[in-house]
Each structure stands twice: as C-alpha cells, then as structure tokens.
Number of protein chains: 2
Amino acid sequence: MAVTLQEIAERAGVSRGTVDRALNNRGRIRPEVADRIRQIAEEMGYRPNRAGKALAMARRSICIGVVLQEVETMFMRGILEGIEAAREELGHLGASVVLKEIKGLNTKAVIDAMEELRSQNVHAIAMNPSMNRRTKETIDRFADEYGIPIVTFNTDLEDCSRLCYIGQNTYECGRAAAGLMGEIIGGRGEVGVITGYEANPSLNKRVEGFRDEIAARFPEIKLVGVQYAYNSDAIAEDITRELVERHPEISGLFLTVNVEQGVCAALEKEGIIGRVKIISNDLNENNRKLLCDGNIAFVLEQNARVQGYEPIMVLFHLVFDGEKPQCEFQYTDLTIRTRYNLPPV
Amino acid sequence: MAVTLQEIAERAGVSRGTVDRALNNRGRIRPEVADRIRQIAEEMGYRPNRAGKALAMARRSICIGVVLQEVETMFMRGILEGIEAAREELGHLGASVVLKEIKGLNTKAVIDAMEELRSQNVHAIAMNPSMNRRTKETIDRFADEYGIPIVTFNTDLEDCSRLCYIGQNTYECGRAAAGLMGEIIGGRGEVGVITGYEANPSLNKRVEGFRDEIAARFPEIKLVGVQYAYNSDAIAEDITRELVERHPEISGLFLTVNVEQGVCAALEKEGIIGRVKIISNDLNENNRKLLCDGNIAFVLEQNARVQGYEPIMVLFHLVFDGEKPQCEFQYTDLTIRTRYNLPPV
DNA sequence: GTGAAAGCGCTAACAA
DNA sequence: TTGTTAGCGCTTTCAC
C-alpha cells in the first residue's frame, strides 16, 4: 500500500491538515515544520493519490474550455475525436470539457468564444488561434490578467503568453517529403509543389522545408515551380495539366494540401498517373483510397487525434497537478503512411 | 456536476447500496427493482466516477503482474518504458504492477514466474510467452481454473485461453517493407533478405510477407536468397559479403533483425554502401545513426512502448471496469522511420 | 500556526 | 432483499 498523508502525519507527529499545507505550499505553517514534513514525505516516497485528490476537488470541479475553428473539415473530425477522448477520460475524474466550435475563420467569433468560456469560469483554454494581433492580445490578457492558461494547437501564435504549442513541425514535414521524394524518383528529375494559400504560414513552411532539403541533398532534382491551388480541386487540376504540359518528364509532385482528387484527375487524363509520384499531407477517405490504388506514394500524417487530445491533457495536468508542460513546442510525431500501414477505419 | 449514485437512489426511492447492487449486478436484489434502477440511471445519464471507485477499491488494491522474457535487449528498453508508464499511471489510482524479468528464453522460468505472481494474488498477467505447449497449458490453467486473465504481447501464442494479443502484425510488416523497397529501387533489380532464426515464427512471417508482396506487385524484382544471421553481426557481415560477390548488382536488402552493423560493414568494405538500399526493423541507437548518415533508407518500428503499456492497461480496464478488450488481435501501428521523423531521444 | 472534522463518489461488510 | 455505515486519500473550512 502506498504512503498516505495520514502516515506522514503520524511519523511527523502533526495532523493531516498540516502535512497537506506543507506539501502543497498553502502557507499558514511554520517553515521549519514544513521543511521537516517535506523531508519525511520524501524519505517515505510519498506520491499523492490521484483518486483521492480528484474526489476531494470534485467540489471545485475543473473545467477546460476548447475553441475550435473549423479550417480544414477533413482534418477536424480527428481533432474532435481527440477532444472527445479527453472529455471521456477527464469525465472519469469529475472534470469537464466545454467545446466552442466556430465555423470558418473568424477572429471576432474566436474572441467572443473565449470571453464566453471565461464567464463560465473555465480553468484553462485550448485553442487553434487565428493569426492576428487581436487574438494575440486576448491571449495575453487571459494568461496575464485573468490567470487562465492557454495552449495553442494545430496552428501556433508565437510571441504571446500562450503556455505551449502542440502540433506539427511543418518545416520538418516538408523536409521529410523531400527526402522520400528523392528516394523514390532516384535522386534526379523534375518535381513540382502544389500548395494552398500564400498567406498560410504552416503551408509555407512545408514548402520551404521541401525546397531546402531538395537543394541540400538532391542537387540533380529540379524544382519546377510552386503553385497555389487555394484548396480547390478544380484549380489543382488546371495547374497540374499546365505543369505536365510544360514539363512532360516531371517525376514527382508534393501536395501540401488535400487536392489529390484534382491532381490525379489531370494525371489520369494525361495518361501518366502512377508514373508521376505523389506525396501528400493529412490522411482522409479520399487520399486513403488513392494510396491503396497506388496513385499516391505517401501521405504524411499529422496525428489529428493527438492535437485534440493532448492540449486538454496538458492543461488538466497543469491545473490539477500543477505540472508545467516540459517544453514550449510539443511537436506531434510525423507519420508516414503508405498503403501498408493505414490505420484501421 | 455529474450524476451520482446518491441522486439515483433518491430518485428511485431506495438506498445507495441498492443502486450499487443494481448497476454492478451484484445480486441480492429484486430483479424488477434492479431493472427500474438501471433505467433511471440510463435516463439520468449516469457515468460512474472513476476516482470514487478507485478510492473505494483501494482496500482490495488491484495488482497486475507482468512476465518479461528478455529476447532482444535493444527492444526491451522500450517495453520497460511502457511498463513503467503504466505503473506510474495506475499508481495514481492506487493499483500496482509487479514485474518479473527473465533473462533469456526459459520456459520453466516463465511458468515459475507466473506461479509466483499467482501466489502474490495478482488479478491479471501480461506476458510475452515462450512458444511451446507447457506455456500454453499454464495459460489455460490460469485463465480457466484460477480466473486470472492473461494478455500476450510482442509474440503471440494462439489457440489458448489468452484474452488477446498486442503487438506487431509481422506479416504486414514484411509487406510494407516490400512496398517501400519496390518504390526506392524503381521496381526492378535483385534484393536479398537477412533474417534471424529459422524457428522464430515472427521473423518468418516478416520474410513471408516480404516475399509475397514482392511477387505480387513487383514481378521485375528478383529475390536472391533468404539468409539466417542468427542475430550475429559477424555472420551477417559474412553473408552480405558472399551475397554481394554472387550478385554484384544487388539493389536492396531487407533485414528482419538488428544486424545493420555487420551488413553495413561489409557494404562499406565493398565500397557500395549507400547504393544498396537497406530496410530494417526496430529502431535503436545503432540503426538510428546509420539512418541519419543515409546508410539505411527505412527502419520499420513496432512501437515497443505501446507493447509494454497497453497490455497492462487492457487488463486494468478489464479488472477495474469490467470492460473486455474490443478484439483478440490488437496490432500496433507500423511506424516508418526515416532520418526525418526520428523520435526525440 | 495547527488540529479536527466534514465530505467528494463509491464499495463492502453488516444489520435489519 | 434492502438499508446503514465505515472507510478509501485528499482538500477545505472552521475552531482554537
């Protein structure tokens, strides 16, 4: 049986309450006594019992808020799954999770949601933020003035008081894609990149990583253009057709966004599907099928579930155990998917 | 605030104890009453509070036993890490984990360890079993006679009363290796396989999966021999040298066991390191370095941590919540490692 | 500063 | 068959 507060109290010749005050730095205790108790606890190998703690704290029931902007719908389901899993797990311990879902990108709606959560007395907030000054200011206000810790996920907002960021290292993702591309096209030939919006920093970093790594490791590979498809399959199809016409010998395409449908349609019509190697990002039903059929070589996955789950857990541990996250950037593992290691549906 | 037993009791006009008996099928209750209570609980959306339950059960403290045979030392550290993580997490809830580590393969030692755990009154056992009849019989006896549920991990023992198996699908692992190999050598040329012991079914399945997939998808690739290195780098070096002499044009090698050191040494001496693509299994410091240097193309990783962690958690949920595992085979996700997605050290 | 005591949700032993 | 009660380990309030 594990060591309990009571046992420490007996050993120290004080009461449970005193031990509690000593170990949790609650004040109202003579420093010498506190030190002695802490030492005894250490000696006895005391580790607080989470169940007891959770039960006792059930009165001031912990509540974590989540603000979710629906940017990429395919990806969101995974995030929601992760949030649900966290809610389930915390529910067991008497804590709750409040989710505010916002359709589309909308800074005002995000800030309103945050204020609403605050008025509901949440202890912490996990959010995927919009990229602008007002959001940044709001985060700072919450963290610094109201003492509501914030964790960002999926997209980060640097230089503000958010506790940490949980999500993909998009630059490394681009590099990984370049490495794989280099391998499968034999280290030479022409490759193209099709991405989303110019203004999206995450996508830009993927492109940058890809470009840098190709330049560094595969001097014989030529990057023949980075095109913007604005997340539209129709545009992607046009781009691909033009690209293939200009570069009939093209060997590979790196897609930073989910426009596989359009790209593959174009290649199909040109009769070169399968010959042009495709590496894409973020698994969904769509590219999953293309992967199985051999039309796409690799899909790089950023574990969506983890991005929904972890921020909530990090915040819970902070509020519940007082444990700060280990590092400011908690990058999710980059998963390389082929037709052979698809996750069960 | 979540629904409690007390609230249900009040609504039903009975006592807490009665509700407890109804919801946990403990008997000693009139069936009609039990039904009515269950219905009320359902209506109110009752979900038991794990903290309360854990606390109350702390008296009959749950204990999970683990029997670990140290087969591949490199891999074991990860498993131990997973066991440690599970112990940590369960410790929070007042449950404990007892580990019996056995050096080398030793059926008698495994069975002795199981008996020892039984005499210590563990509630369940997770183990990586030895492949033979006596172990199988012991598992059956434990599960059927003593009611001690057993989960196997890392290597499975089919046709016995073990609850489920958690580990890699080694056949699929072989297929994945074949798919990657086909891609990076351009779908033609000669490839070889270096494996461990003839008697090891896991390794054999990897080889089989590799062979089948090469045959099915890459008719222009020729498999030029499957060799046994008995987990020895020296033997692997000899094998590689001979293989390269007989097949100077060889394009790839699939290693089912950790003999990268020997293989690379031979290729180095022949001056063809880097040209011959290597795909290997199970990440360690050794092949991690070779991966970074570009001497190995891919390492297929079977998440060791998960294999230590999950069996314990599955058993805990069974004993604690009465939740049976969803399926008999819980295959761990196959992770494809390149120099770009190595886990942090 | 410190101790005593109530109570969080649940289980289990005992009483009725 | 049902109700009552004593904890499990911890926090928190109140009294001293």
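Letters A, B, ... mirror the listed sequences (proteins, then strands); counts begin at 1. Values below: all heavy atoms of this structure, side chains included; hydrogens, waters and symmetry mates excluded.
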Novice: Can you measure His92(B) atom NE2 to dC10(D) atom P for me and round it to whole angstrom units?
Specialist: 12 Å
Novice: Would Thr155(B) and Asn128(B) count as having a side-chain donor-acceptor pair, cut-off 3.5 Å?
Specialist: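 There is no such pair between these side chains.
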Novice: In whole Å, what is the span from the CD1 atom of Ile29(B) to the P atom of dA16(C)?
Specialist: 21 Å
Novice: Give the rounded distance in Å between these two atoms: CD1 of Ile62(B) and P of dA12(C).
Specialist: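 In whole Å, dA12(C) P and Ile62(B) CD1 are 10 Å from each other.
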Novice: In this structure, how many angstroms lie between the C1' atom of dG7(D) and the CD atom of Gln6(A), rounded?
Specialist: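 Gln6(A) atom CD is separated from dG7(D) atom C1' by 12 Å.
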Novice: With respect to the side chain of Met57(B), which nucleotide from dT11(C), dT2(C), dT1(D) is positioned closest?
Specialist: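 Taking heavy atoms from C-beta onward, the closest nucleotide is dT11(C).
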Novice: Could you state the atom-to-atom distance from CZ of Arg60(A) to C1' of dC8(C) in whole Å?
Specialist: 12 Å
Novice: Think Asn49(B) has a side-chain N or O under 4.0 angstrom from the OP1 or OP2 of dC8(C)?
Specialist: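 Indeed not, no polar side-chain atom of Asn49(B) lies that close.
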Novice: Distance check needed: dC8(D) C1' versus Phe320(B) CZ, whole Å only.
Specialist: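 Nearest whole value for this atom pair: 12 Å.
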Novice: Grab the CG-C1' distance between Leu93(B) and dG9(D) for me, whole Å please.
Specialist: 12 Å
Novice: Please work out if Asp20(A) contacts a base, only the sugar-phosphate, or nothing of the nucleic acid, heavy-atom cut-off 4.0 Å.
Specialist: base
Novice: Is a donor from one side chain sitting under 3.5 angstrom from an acceptor on the other, for Asp144(A) and Ser161(A)?
Specialist: yes
Novice: Side chain of Arg16(B), base of dT11(C): donor and acceptor closer than 3.5 Å?
Specialist: yes
Novice: Relative to the 5' end of DNA chain C, which residue comes earlier, Gly17(B) or Ala51(B), by the nucleotide with the nearest heavy atom?
Specialist: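 It is Ala51(B), whose closest nucleotide lies nearer the 5' terminus.
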Novice: Would you mind telling me which residue lines up with the more 5' stretch of DNA chain D, Gly52(B) or Ser15(B), judged by nearest nucleotide?
Specialist: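 By nearest-heavy-atom nucleotide position, the 5'-most residue is Ser15(B).
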Novice: Send over the distance from Leu55(B) CG to dG7(C) P, rounded to a whole Å.
Specialist: 17 Å
Novice: Please state whether the phosphate of dG9(D), meaning OP1 or OP2, lies under 4.0 angstrom from any side-chain nitrogen or oxygen of Thr4(A).
Specialist: no
Novice: Scan Arg21(B) against the nucleic acid and name what it touches under 4.0 Å (heavy atoms): base, sugar-phosphate only, or nothing.
Specialist: base
Novice: Let me know, please, whether Arg28(A) or Ala54(B) comes out on the 5' side of the other along DNA chain D by nearest nucleotide.
Specialist: Ala54(B)
Novice: Determine whether a donor-acceptor pair (one donor, one acceptor, N or O, separation below 3.5 Å) exists between the side chain of Arg47(B) and the base of dG9(C).
Specialist: no
Novice: Please examine the side chains of Arg50(B) and Glu89(A), heavy atoms only from C-beta on, and report whether any two atoms are closer than 4.5 Å.
Specialist: no
Novice: Is it true that Asp112(A) and Lys108(A) make a salt bridge, defined as a side-chain N closer than 4.0 Å to a carboxylate O?
Specialist: yes
Novice: Side-chain N or O of Arg26(B) less than 4.0 angstrom from OP1 or OP2 on dT11(C)?
Specialist: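 So the side chain of Arg26(B) is within the cut-off, an N or O lying under 4.0 Å from OP1 or OP2 of dT11(C).
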Novice: Please determine, by modelled atom types, if Ser15(A) and Thr18(A) share a side-chain donor-acceptor pair under 3.5 angstrom.
Specialist: yes
